[in-house]
Amino acid sequence: MKNKIKLSAISLALVSHFAILGNAYALDGITDNDSLEIKTRTIFFDREYDETPDKDSNTLAQALELNYQSGKISDWFKVGFSAYGVANINSTGTDNAPGIMPDDPNDENNVESAFGKIGQAYIEVLPTEGLSLKLGYQKTKQMFFSTSTSRAIPSSFRGLTGSYQALDSVKVYGYAFDQWSGRNSDEWTDFNADTDGPQIDLIWGVGAQFKQGKFSADVEYMVSEDYLAKFGLRGSYVDTIGKGKLKLSGGYFTSSDNGSLFAESGDKNIDGIESNDGSVWFLDADYKIHAFSVGVAFSQTGEIWIEDNYKGDHGSNPLPTRAPIGPDFTNANESVWLVRAGVDFGKLNSSFDGLTTKITYAKGTDIENAADASLGEAEEKFFAIDTRYKLPMVKGLSLRYLYADYQSTEIGSVQGVKGDNVDHRVYMDYSLKF
């Protein structure tokens, strides 16, 4: 089932234009605390494959968001609304690896020139202090279920979220969703276990967060009905060491088949497994001093831990050893070591305020075919440089360049590892708030 809630990119531009004009004439909202944001994103993705250059592709696109949220109405509820539009400036290649634009329904080798949609439309009820219930089309961020913001526009979901600040140190939450709209889609669709079905009726979860002094922890249980269930527990401790701060973290996560749809799925049910009892744990240490940070992390997967909760999911991977782009690094029996280093140039010289860089290297070894270890083994690794710049001279303007080089070796068949490729991603974001 597909529900189309669309706005053309041109219409959205006109809406945003008149919103700006309205602000110039003292825009009046529902309450004195309303907020209106106009956000633009120019995005360029380029992917090159070492062994299959015919799959090389790149996309340059322009996105526009209009985000509105009211203040409290009658002291007990708020409303919110977001409209998105994306225009394709240029695309090359026949493989839609960038995932920024929808595929052209009339030409499988091309993408659409533009699309738009309503991304959020919700009411947030605030019946008592510390309690929030949000109903409608919305973005979300949880341990296992989150909006993806790595493309031109974010993904969003239809359903209910709720949270309650039970104590100063304890927050409990829950969520339930029955439809979604992807980051490169102009439609609202049901969750599916495979490309053409079957349908997942509901995805829901409950969790709790704890923070007291130097220690924090969170726990979550999630169910993608008749398909997959997950459990996660993680914690961290922060303390001052010398003139810097040391953060120690650890976590344990499981994934398991949750009904008949799992065996039918062709998305992340890689290597043809018909059941799952996956698990992965990690340890992480990060030290920050002055302008510099260094860190090391390790993760160990038992039976394959499945990241995606439905077909097309690009949501939350809670592991610090995950790749910034592409593979999950949670294959069967996979051991991953990661090292990273970062620098905040603004702390070295005020002329570079807002400029940061992080360099990361990770390697995964001892990977096995998830169905039968004798059918395949592999290794994989990535190297990434993530540079970001918030321009102090132009409020609301930021730039980002992400370089990622992924390589793998495979003997036999292990579907969780991918072909060697290099990604270049450039983002230019500008936000104007009223």
Side-chain angles (χ1 to χ4, degrees), residues 9 12-13 16 37-48 56-67 82-93 95-102 111-117 119-120 139-141 146-156 181-186 314-317 322-327 340 342-346 352-360 382-406 421-433:
L12 183 56
S16 300
E37 178 191 38
I38 309 296
K39 182 178 178 181
T40 68
R41 166 170 283 186
T42 306
I43 186 169
F44 175 74
F45 279 19
D46 178 85
R47 174 170 290 181
E48 299 173 358
D56 291 356
S57 62
N58 64 61
T59 294
L60 174 64
Q62 179 64 53
L64 183 65
E65 293 184 29
L66 172 64
N67 300 308
S82 295
Y84 306 142
V86 185
N88 181 28
I89 299 173
N90 185 65
S91 290
T92 65
D95 182 61
N96 190 13
I100 295 173
M101 306 299 299
V111 295
E112 292 190 2
S113 60
F115 74 99
K117 66 182 177 184
Q120 293 194 98
K139 295 188 295 184
T140 191
K141 185 177 181 180
S146 291
T147 291
S148 171
T149 59
S150 64
R151 296 302 192 272
I153 59 172
S155 56
S156 45
S181 185
R183 55 198 181 178
N184 67 333
S185 174
D186 57 3
H314 296 277
S316 293
N317 181 331
R322 64 186 180 275
I325 301 172
R340 58 180 177 264
V343 58
D344 183 341
F345 294 98
F352 300 106
D353 282 347
L355 179 62
T356 64
T357 292
K358 182 172 71 172
I359 300 173
T360 307
F382 74 82
F383 173 76
I385 303 175
D386 191 352
T387 301
R388 308 184 188 212
Y389 186 29
K390 293 183 178 180
L391 282 73
M393 68 290 292
V394 183
K395 184 178 180 181
L397 179 62
S398 63
L399 305 173
R400 181 187 182 191
Y401 170 63
L402 174 60
Y403 168 85
D405 183 352
Y406 172 84
N421 64 82
V422 174
D423 280 276
H424 302 270
R425 296 187 174 184
V426 179
Y427 303 82
M428 182 173 70
D429 294 332
Y430 179 66
S431 175
L432 182 62
K433 297 180 179 180

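Being a predicted model, the structure only gives us computed values, none of them experimental.
Here the side chains of Asp405 and Val422 are in contact, with some heavy-atom distance below 4.5 Å. Contact annotation: the side chain of Asn90 approaches that of Asn58 to within less than 4.5 Å [non-hydrogen atoms, C-beta and beyond]. By the 4.5 Å heavy-atom criterion applied to side chains, Phe45 and Ser57 are not counted as neighbours. In this structure, Asp423 and Leu402 have side chains that are not in contact, with every pair of non-hydrogen atoms separated by 4.5 Å or more. In this structure, the side chains of Tyr84 and Pro154 come closer than 4.5 Å at one or more pairs of heavy atoms. When side chains are defined from C-beta on, Ile43 does not count as touching Arg425, because their heavy atoms never get closer than 4.5 Å. Inter-residue side-chain proximity for Thr42 and Tyr430 is flagged as unmet; no heavy-atom pair is nearer than 4.5 Å. Inter-residue side-chain proximity for Phe383 and Ile359 is flagged as met; some heavy-atom pair is nearer than 4.5 Å.
If you run side-chain hydrogen bond (donor to acceptor under 3.5 Å, both in side chains) between Asp386 and each of Arg340, Arg400, Lys358, only Arg400 comes through. Looking at Lys139, Lys39, Gln120 one by one, the single match for side-chain hydrogen bond (donor to acceptor under 3.5 Å, both in side chains) with Ser82 turns out to be Gln120.
The distance from the CZ atom of Arg41 to the OG atom of Ser431 is 11.5 Å, given to the nearest 0.5 Å. Annotation: the span from Ile100 atom CD1 to Arg183 atom CZ amounts to 9.5 Å, rounded to 0.5 Å. In this structure, CG in Leu355 is found 9.5 Å from CG in Leu391, a value given to the nearest 0.5 Å. Rounding to the nearest 0.5 Å gives a distance of 10.0 Å between CD1 of Ile38 and CD of Glu65. Atom OG of Ser91 is separated from atom CD of Glu112 by 11.5 Å, given to the nearest 0.5 angstrom. In this structure, Phe382 CZ and Thr360 OG1 are separated by 6.0 Å, a value rounded to the nearest 0.5 Å.
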I would like to know whether Asn88 and Val111 meet side-chain contact (heavy atoms from CB on, under 4.5 Å); could you show each step before the answer? CA-CA 8 Å; Asn88 181 28; Val111 295; 3.6 Å; yes

Just do the side-chain contact (heavy atoms from CB on, under 4.5 Å) check on Asp46 and Asp56 with the steps written out, would you? CA-CA 8 Å; Asp46 178 85; Asp56 291 356; over 6 Å; no

Start with the C-alpha gap between Val426 and Leu399, add the side-chain angles, then the distance that decides, and say whether side-chain contact (heavy atoms from CB on, under 4.5 Å) holds. CA-CA 8 Å; Val426 179; Leu399 305 173; over 6 Å; no

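Ile325 and Pro327 get closest at one heavy-atom pair: O-CD, 3.5 Å. In terms of heavy-atom proximity, Thr147 sits nearest to Ser155 at CG2-O, 2.9 Å. Listed here is the closest heavy atom pair of Ala152 and Ala63: O-CB, 3.4 Å. Pro324 approaches Ala404 most closely through the heavy-atom pair CG-CB, 4.4 Å. Scanning all heavy atoms of the two residues, the minimum distance from Asp186 to Phe115 falls at CB-CD1, 3.8 Å. Residues Lys141 and Ser146 share a closest heavy-atom pair of CA-OG, 3.3 Å.
Annotation for Phe44: atom CZ counts as buried by contact number, over 12 foreign heavy atoms lying within 6.0 Å.
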